[in-house]
Number of protein chains: 2
Amino acid sequence: MAGIKDVAKRAGVSISTVSYVLSGKRSVSKETKQRVLKAARELQYSPNAGARMLRGDRTHILALSAPMYETTDYNNYSVFFLKTVQRARKYHYDVLLLAGDDEEQDLARIVESGLVDGVLMLDVNIDDSRIDIARNSSVPFVAIGDPGDTSALNAVDTDFTRMGREAVGRLADAGHTKILFVGAHREDYERGSNFLIRLRDGALFEAHRRKVEVVVTYQPKGDMAGIQREMKSILAQHPDITAVISQSNIIQLGNLTTAITRLGYRIPQDMSVLSAGMGGEAATLSTPVDEMPLLPEVVCQRAVDIMMDVLDGKQRRCGTLELTAARYFERGSIAAPRSEHRAGSVPISDSARSADSVSDAPSVSDAHSVSDANPVPDAGVPDVRIREAA
Amino acid sequence: MAGIKDVAKRAGVSISTVSYVLSGKRSVSKETKQRVLKAARELQYSPNAGARMLRGDRTHILALSAPMYETTDYNNYSVFFLKTVQRARKYHYDVLLLAGDDEEQDLARIVESGLVDGVLMLDVNIDDSRIDIARNSSVPFVAIGDPGDTSALNAVDTDFTRMGREAVGRLADAGHTKILFVGAHREDYERGSNFLIRLRDGALFEAHRRKVEVVVTYQPKGDMAGIQREMKSILAQHPDITAVISQSNIIQLGNLTTAITRLGYRIPQDMSVLSAGMGGEAATLSTPVDEMPLLPEVVCQRAVDIMMDVLDGKQRRCGTLELTAARYFERGSIAAPRSEHRAGSVPISDSARSADSVSDAPSVSDAHSVSDANPVPDAGVPDVRIREAA
DNA sequence: GGTGCGAGTCGAAAAGATTCGATGACAGAC
DNA sequence: GTCTGTCATCGAATCTTTTCGACTCGCACC
């Protein structure tokens with residue numbers, strides 16, 4: 001409750017001198033400085049946030065806009081919150097979490113009120129309505145995710161298109177020619193969830209380029225029974241599928257590997273499995289899975305760094321898009337396809353595999369991006385049809 | 001960027017009149033009121049947050065203190081964030097997320113700065129250092145979790161002691177006499193993580209009362225291999241264990257059921273499994289598991305409601321602890337023990353179980369608390385030794 | 001006609017920090 | 001001795017809103 005006035009009185013100096021000591025914006029003699037700092041310490045002085053906001057040009061608060069949808073996977077979300085907060089604190093910034101039911105209105109209100117110095121946007125959709133708010137706003141926006149249109153903000157993201165391409169590329173390299181792509185919830189693609197779509201379409205693009213076939217399906221309702229039914233039906237219809245790329249959450253991935261095993265396929269001998277664009281926990285599943293995870297730490301740090309540069313005038317307010325290369329973690333769930341593979345072969349009992357076939361800590365391959373492949377055209381994925389499993 | 005001055009000018013009235021129209025704290029003539037509202041609308045007036053804070057007695061911001069530890073399970077955490085934010089918005093409050101690396105200092109700073117009207121605390125430990133901050137603070141605190149000492153704040157929590165008791169009670173009712181309790185990370189108990197300890201000790205208390213034996217172990221390192229080794233060793237040492245209560249996260253729970261299955265036990269015929277105090281996703285595992293989940297929505301809502309009552313002077317600032325009854329979700333993973341059960345029996349292949357043995361949507365039993373059992377004494381669990389597996 | 005009252009409105013103070021411009025002290029140059 | 005420049009410090013304006021006290025009506029009452 002002690003104000004700058006109290007500190008000034010105790011140190012026997014004027015208010016402005018205290019302010020200059022604390023901000024360092026003008027030179028102050030050594031003795032005065034120490035007296036002031038001592039007084040501030042003794043009184044536990046903490047500047048009043050309201051007054052600072054009102055007078056100063058910084059509020060030292062960032063807004064984190066995190067819209068919630070029915071199908072949003074909470075598990076992957078929170079890590080982004082935490083990494084953002086931790087990075088912002090390094091710059092002495094606090095984070096206001098916007099995750100209410102009326103995201104758009106909340107955001108407009110906050111931006112107008114001058115409560116925050118900038119806005120970080122999570123889970124960006126194609127044609128996201130928040131971009132209009134950014135356009136009319138006096139504070140800078142940084143999107144974590146590629147909004148397509150960066151004319152009103154800066155953006156940072158993982159290169160999901162490349163991630164999708166590399167996922168297919170790795171499997172193609174291993175000799176697979178027909179791959180099943182198991183997406184997340186269909187609704188999330190329909191509402192334009194950007195990273196899901198780019199990953200999927202990157203995979204389809206690479207498949208087109210490599211002349212391999214990719215069959216697309218989405219996360220079935222009804223959990224284990226649903227997945228098992230779905231997989232059974234698809235693998236019966238496409239017996240030449242020898243690999244699966246999963247873009248669904250960790251539990252569903254676990255169920256997927258269980259379903260595959262129950263249907264009589266061994267991983268990786270009969271079926272290669274690769275998880276892409278999810279949480280990074282596939283190492284801890286009972287059947288560890290090769291993975292290209294989300295990189296919350298990397299993108300959140302960059303987003304905050306960029307925001308600070310913009311606020312300091314070191315970078316333009318909009319127009320840049322920074323893509324981070326994906327990383328690949330090997331866990332032994334990918335192998336060359338068996339030419340003699342036959343769907344519906346004798347089921348292999350799970351317990352027949354000895355426990356030591358379970359790998360220990362995941363081996364981490366270096367950051368890796370598709371080497372000298374043709375760049376994906378700006379306009380997005382061309383002439384690629386999304387083929388869905390029936 | 002339009003201020004109250006602009007609105008006043010446009011409406012042809014004084015600043016104070018505008019303020020009174022907007023706050024409704026003094027009567028204003030109908031015509032004037034309408035002119036002011038029109039002007040405010042046209043200028044998209046949004047009051048400056050800093051000025052409001054400085055002059056007014058409410059900032060309309062709550063802090064959410066969410067400390068992070070090495071072993072914190074992010075997955076369960078974020079739901080608490082979101083439910084808190086959503087509830088706070090109902091009262092026109094925003095939420096500042098404190099999740100930096102120096103939780104204590106951040107909290108003290110925020111409280112001192114007058115930036116927030118109140119603080120909500122997550123993941124409370126026994127002897128939590130944040131309680132001292134609450135004691136010296138001028139703003140009210142509400143803990144989500146039982147801090148033991150409620151002399152400086154109010155608290156709301158799930159009744160984890162009863163949850164632990166009911167978990168053991170249900171199994172005892174079903175006829176089990178020796179139960180394995182698989183906890184979370186040992187470090188979390190050692191640092192005094194409140195809900196984990198209370199759940200565990202509630203289980204031990206009920207075991208004592210019912211004269212059943214509970215063997216305690218903690219989440220082993222090394223994921224699948226570790227769990228499988230651990231389970232093998234424990235079940236070899238204690239072949240008469242017929243039920244498991246798990247307090248570890250969803251992936252570990254999945255691995256636990258897999259390990260149990262691989263060791264040749266069928267669930268629930270040979271081994272009953274029950275998950276307590278975790279995320280509520282055990283229904284979606286390949287082997288659905290009976291569950292007494294965390295109830296983030298319930299406790300977060302109550303915490304915010306209580307905070308608002310305190311701010312409105314409708315409730316005292318400290319001293320109350322509200323416990324919510326746990327809920328039990330049946331998923332068919334509990335059965336009576338087989339008297340003829342033998343450890344090390346012939347392994348049952350996973351795939352030998354038909355897919356239709358996988359249950360559909362979980363059946364939800366009504367909110368339920370242990371009926372007329374002796375209440376747990378205030379001092380905590382008496383003369384119960386925590387017996388750990390070797 | 002004077003007084004009292006309530007409704008409607010306004011002016012000005014207040015909140016606490018930041019920052020510009022001014023002042024005083026003092027050293028060094030001429 | 002006077003001038004110039006630098007350093008350290010101070011006073012006062014400023015940011016925007018809320019709110020208290022005061023003012024002006026018009027009307028009723030004695």
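In what follows, chains are A, B, ... by sequence order, proteins preceding strands, each numbered from 1.
Proximity of B/Arg52 to the phosphate of D/dT18: a side-chain N or O atom is located under 4.0 Å from OP1 or OP2. Side-chain nitrogen and oxygen atoms of A/Ser16 include none within less than 4.0 Å of the OP1 or OP2 phosphate oxygen of D/dT9. Of the side-chain N and O atoms in B/Tyr45, one or more sit less than 4.0 angstrom from OP1 or OP2 of D/dT17. Taking 4.0 angstrom as the limit, B/Lys5 places none of its side-chain polar atoms (N or O) nearer than this to OP1 or OP2 of D/dT17. Under 4.0 angstrom from either OP1 or OP2 of D/dT18 there lies no side-chain N or O belonging to B/Lys25.
In summary, the side chains of B/Tyr93 and B/Asp117 do present a donor paired with an acceptor at a separation below 3.5 Å, with no hydrogens or angles considered. Under 3.5 Å, the side chains of A/Thr324 and A/Arg302 contain no donor-acceptor pair of N or O atoms. In summary, the side chains of A/Asp312 and A/Tyr91 do not present any donor paired with an acceptor at a separation below 3.5 Å, with no hydrogens or angles considered.
B/Lys33 has its NZ atom 9 Å from the P atom of C/dG8, to the nearest Å. Distance NZ (B/Lys9) to P (D/dT17): 13 Å, rounded to an integer number of Å. Distance B/Tyr20 OH to C/dA12 P: 15 Å, rounded to the nearest Å. The CG atom of B/Asp57 sits 9 Å away from the C1' atom of D/dT18 (whole-angstrom rounding). The distance between atom CD1 of A/Ile4 and atom C1' of D/dG11, rounded to the nearest whole Å, is 14 Å. Counting to the nearest Å, the C1' atom of C/dA15 and the CE atom of A/Met53 are 14 Å from each other. As a whole-Å value, the separation of A/Glu31 CD from D/dT9 P is 7 Å. In this entry the distance linking CZ of A/Arg26 with P of D/dT9 reads 12 Å, nearest Å.
Closest to the side chain of B/Ser14, out of D/dC15, C/dG11, D/dT18, is C/dG11. Of the candidate nucleotides D/dC10, C/dA7, C/dT9, D/dC10 has the atom nearest to the side chain of A/Thr17. In the set D/dT19, C/dA17, D/dA8, the nucleotide with an atom closest to the side chain of B/Arg55 is D/dT19. The side chain of A/Leu54 has C/dG16 as its nearest neighbour among D/dA8, C/dT18, C/dG16. Among the nucleotides D/dC10, D/dT17, C/dG16, the one closest to any side-chain atom of B/Asn48 is D/dT17.
Within the 4.0 angstrom heavy-atom criterion, base atoms lie near B/Ser19. In this structure, A/Val18 reaches neither bases nor backbone, as no heavy-atom distance under 4.0 Å exists between it and the strands shown. Residue-level contact check: B/Thr32 touches the backbone only, with heavy atoms under 4.0 Å from sugar-phosphate atoms and none from bases.
A salt bridge does not link A/Glu31 to A/Arg35: none of the charged nitrogens lies less than 4.0 Å from a carboxylate oxygen. Using a 4.0 Å cut-off between a side-chain N of Lys or Arg and a carboxylate O of Asp or Glu, B/Asp123 and B/Arg191 qualify as a salt bridge.
A side chain to side chain contact (heavy atoms under 4.5 Å, CB included) with A/Val142 holds for exactly one of A/Thr320, A/Val156, A/Asp305, A/Val119; it is A/Val156.
Between B/Gly12 and B/Ala51, the residue anchored nearer the 5' end of DNA chain C, judged by the nucleotide with its closest heavy atom, is B/Gly12.
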